[in-house]
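Working notes, beginning with the structure itself.
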Amino acid sequence: MRRQRGSRIPGAPLRPAMTAPAPASKPVKVRIAPSPTGDPHVGTAYISLFNYAFAKQRGGKFLLRIEDTDRARSTRQSEEAILASLRWLGFTWDEGPDVGGPSAPYRQSERLPIYREHVEQLVAAGKAYWCSCTEERLAAVRKEQMARKQNPGYDRHCRTRNPAEVRAEIEAGATGVVRLAVPREGETVFNDLLRGEIRFANAEIDDQVLLKSDGYPTYHLANIVDDHLMGITHVLRGEEWITSTPKHVLLYQAFGWEMPAFGHLPLLRNADKSKVSKRKNPVSLSYFREAGYLPEALINFLGMMAFTFEDGREMFSLKDFVENFKLERISLGGPVFDLAKLRWLNARYLRERTSDAEWVAYLKDRLFQDEYLTRIVQLVRERVEKSEDFVAYADFFFKGDVTPPAAELMLKDCSKKAVVVLYEELVEKVDTCFDFSASNVEAMMRHFCEQKGVSAKDVFAAVRLMVTGKKATPPLFETMSVLGRERVRTRIRAAIAALKALPEQPAGEAKKP
RNA sequence: GUCCCUGUCGUCUAGAGGCCCAGGACGUGGCCCUUUCAAGGCUAAAACACGGGUUCGAAUCCCGUCAGGGACACCA
């Protein structure tokens, strides 16, 4: 890939936006804006790293904002886990929900009046409009568009109606949202820091919802309002945002605000090149911590995704990265998140940069933490005769992989495929089982079996084998709870993979379901 | 399907027209070291997606094709 950024403009310096950031003179300020809707994600760490380095290198500010505008999915628990993970990796932020700052609050759910006020301003200026279309109508429009092989999108029905009428409907109880009035003609253009000029025909841009019917803003609105109010100068985010950038540009124009510079980083990928996902990769930062990866190694590894040092160095600290980071050395092909190289790096950190004493401290802190050992002892004390039996009996609490015999994971009267699907559905349940207490795990599992109409007894036996590698263990739900959601999900996924690798129908064993 | 982004070994990548019959690292194979296993050393196989231009000269610039990805929500 040859970088031609900006060179299409005659007389302009190569990659002008990088040498002279769009909002000149202002001190650099960037942000990471995670959405607290699940486990802390490795993508968040990756994007943070680039933002952090970019800002710190220029003596700028790095800010953390919580984008919790999805009321149904956002949780405080997830927010806390995200902050803890980012701190574990060594990041610090100058402003954020926990540390405060001049633009507080930093949680979007606490800024509702601000968005409301701004959206009214847009409506008054004719840049946005209220829409009272029902979900049913939207669905019908969509269906028809699909049938006619048109692009799905809002048909701008309410934009052509009398605003007072629409308003009256909403006041009378119809659900109402506010949409952006996208110009029907012309183009919206922006200069990507990494990719040069990107243009979109306005006709392709949907009249995006800005304010939802529950009064919460959508990402698009909140993001622009906050970035402006918080003085963000550079937005470095994932490539997935490129197609919504024109909407953001239009919003800045509608408000009459100066735009930050945008740069879209290549997305981390699974081995099959799709966007990295928990289905195909461990992506939770909690997993990496629990599995015993050093934060230094993970940071180092993420830093070699899409970036290389000029001197070719492969081992570097966060500080080194900050000092040597250059936007123009980012390569744009989406890097595959390949754990093999991470393992090698982690091993090097352990070997070369970790003293015996540090090792011991690390083990005590991770694997042999008092609290963890206590929970295990409580489970095994009745089942062990002398303390040396402990190791043999409780080994799976300390292991990485447990390698259960795949053939024994089959269920009576089920095809291999059916079993795989069943276990995959179970992992989904585990993924969203945030309260991993024994009683809650039990409820989740029993409910699951009931729902699927499968024998709880058989499934529990299989799960026991999957998560411990053994047939004889302490009570299953307590065991799962102590192991923790991360280990449980990882082990079940590993077992599923082993199951898939099994020859189709092992010798007359399973009948069709 | 439409729009947008991207395309160098299996993977991460170096490469800014001659330094490149393409370099490094992970992984894989072999050999050495070694009581074993690692680590380490040496070594091998392994890539410029394809086709047209431009140029004395193209991995590098232009166009097209193909391929991959992303987006098309009252999720971010």
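First the proteins, then the strands, lettered A, B, ... as listed; each starts at 1.
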Categorize [X] for me: base, sugar-phosphate, or nothing, with a 4.0 angstrom heavy-atom threshold over every strand shown.
{"X": "Lys273(A)", "result": "sugar-phosphate"}
{"X": "Asn151(A)", "result": "base"}
{"X": "Met146(A)", "result": "nothing"}
{"X": "Thr243(A)", "result": "base"}
{"X": "Thr69(A)", "result": "sugar-phosphate"}
{"X": "Arg179(A)", "result": "sugar-phosphate"}
{"X": "Ala306(A)", "result": "sugar-phosphate"}
{"X": "Arg142(A)", "result": "sugar-phosphate"}
{"X": "Gly312(A)", "result": "nothing"}

What integer number of Å spans the [atom1] atoms of [N] and [M]?
{"N": "C56(B)", "M": "G69(B)", "atom1": "P", "value": "40 Å"}
{"N": "A46(B)", "M": "G10(B)", "atom1": "P", "value": "10 Å"}
{"N": "A14(B)", "M": "U34(B)", "atom1": "C1'", "value": "35 Å"}
{"N": "C37(B)", "M": "G18(B)", "atom1": "C1'", "value": "50 Å"}
{"N": "A38(B)", "M": "G1(B)", "atom1": "P", "value": "49 Å"}
{"N": "C19(B)", "M": "A59(B)", "atom1": "C1'", "value": "14 Å"}
{"N": "G27(B)", "M": "U43(B)", "atom1": "C1'", "value": "16 Å"}
{"N": "G40(B)", "M": "G23(B)", "atom1": "P", "value": "23 Å"}

Which one, [options], comes nearest to the side chain of [X]?
{"X": "Thr308(A)", "options": "A39(B), C3(B), U13(B)", "answer": "U13(B)"}
{"X": "Met305(A)", "options": "C5(B), G68(B), C12(B)", "answer": "C12(B)"}
{"X": "Val177(A)", "options": "A76(B), C74(B), C4(B)", "answer": "C74(B)"}
{"X": "Glu240(A)", "options": "U6(B), C4(B), A71(B)", "answer": "A71(B)"}
{"X": "Glu314(A)", "options": "G24(B), A73(B), G27(B)", "answer": "G24(B)"}
{"X": "Leu138(A)", "options": "A14(B), C75(B), C74(B)", "answer": "C74(B)"}
{"X": "Glu204(A)", "options": "G70(B), U2(B), C5(B)", "answer": "U2(B)"}
{"X": "Leu267(A)", "options": "G70(B), U6(B), C3(B)", "answer": "G70(B)"}
{"X": "Thr218(A)", "options": "U11(B), G24(B), C74(B)", "answer": "C74(B)"}
{"X": "Ile242(A)", "options": "U2(B), C4(B), U6(B)", "answer": "C4(B)"}

Can you tell me if the side-chain N/O atoms of [X] get under 4.0 Å from OP1 or OP2 in [N]?
{"X": "Lys212(A)", "N": "C75(B)", "value": "yes"}
{"X": "Arg348(A)", "N": "A39(B)", "value": "no"}
{"X": "Lys247(A)", "N": "C72(B)", "value": "no"}
{"X": "Arg343(A)", "N": "G27(B)", "value": "no"}
{"X": "Ser244(A)", "N": "A71(B)", "value": "no"}
{"X": "Arg313(A)", "N": "A25(B)", "value": "no"}

Partner lookup for [N], please. Criteria are Watson-Crick or G-U wobble with both distances under 3.5 angstrom; report none if nothing qualifies.
{"N": "C37(B)", "value": "none"}
{"N": "G17(B)", "value": "none"}
{"N": "G57(B)", "value": "none"}
{"N": "A22(B)", "value": "none"}
{"N": "U28(B)", "value": "A44(B)"}
{"N": "G64(B)", "value": "C50(B)"}
{"N": "G1(B)", "value": "C72(B)"}

Query raised in the report: When you match Met304(A) and Trp241(A) each to their closest nucleotide on RNA chain B, which lands nearer the 5' end?
Result: Met304(A)
Report summary line: Note: for Asp338(A) and Lys341(A) on RNA chain B, the residue whose nearest nucleotide lies more 5' is Asp338(A)
Are [X] and [Y] an aromatic pair by the rule of ring centers under 6.0 Å?
{"X": "Trp344(A)", "Y": "Phe301(A)", "answer": "no"}
{"X": "Phe50(A)", "Y": "Phe321(A)", "answer": "yes"}
{"X": "His228(A)", "Y": "Tyr252(A)", "answer": "no"}

Euclidean distance, atom [atom1] of residue [X] to atom [atom2] of [N] [Å, nearest integer]:
{"X": "Leu342(A)", "N": "U13(B)", "atom1": "CG", "atom2": "P", "value": "14 Å"}
{"X": "Asp272(A)", "N": "A67(B)", "atom1": "CG", "atom2": "P", "value": "17 Å"}
{"X": "Phe301(A)", "N": "C26(B)", "atom1": "CZ", "atom2": "P", "value": "14 Å"}
{"X": "Phe316(A)", "N": "A25(B)", "atom1": "CZ", "atom2": "C1'", "value": "12 Å"}
{"X": "Leu265(A)", "N": "U6(B)", "atom1": "CG", "atom2": "C1'", "value": "14 Å"}
{"X": "Asn270(A)", "N": "C12(B)", "atom1": "CG", "atom2": "P", "value": "12 Å"}
{"X": "Phe307(A)", "N": "A14(B)", "atom1": "CZ", "atom2": "C1'", "value": "13 Å"}
{"X": "Lys149(A)", "N": "G1(B)", "atom1": "NZ", "atom2": "C1'", "value": "8 Å"}

**Report entry** Any N/O donor-acceptor pair, Ser213(A) side-chain to C74(B) base, under 3.5 Å
**Finding:** yes
Report task. May I ask you to decide if the ring planes of His118(A) and Trp257(A) are parallel, tilted or perpendicular, using 30° and 60° as cut-offs? Result -> perpendicular
If only side-chain N and O atoms count, and only distance matters, is there a donor-acceptor pair under 3.5 Å linking [Y] with [X]?
{"X": "His264(A)", "Y": "Arg237(A)", "answer": "yes"}
{"X": "Ser74(A)", "Y": "Arg107(A)", "answer": "no"}
{"X": "Ser35(A)", "Y": "Asp70(A)", "answer": "no"}

Query raised in the report: Going by an N to O cut-off under 4.0 Å, is there a salt bridge joining Arg184(A) and Asp207(A)?
Result: no
Requested in this report: Could you tell me whether Glu169(A) and Arg161(A) have a side-chain N and a carboxylate O separated by less than 4.0 Å?
Outcome: yes
Requested in this report: Measure from NZ or CZ of Arg58(A) to the centre of the six-membered ring of Phe54(A), then state whether that distance is under 6.0 Å and the direction lies within 45° of the axis.
Outcome: yes
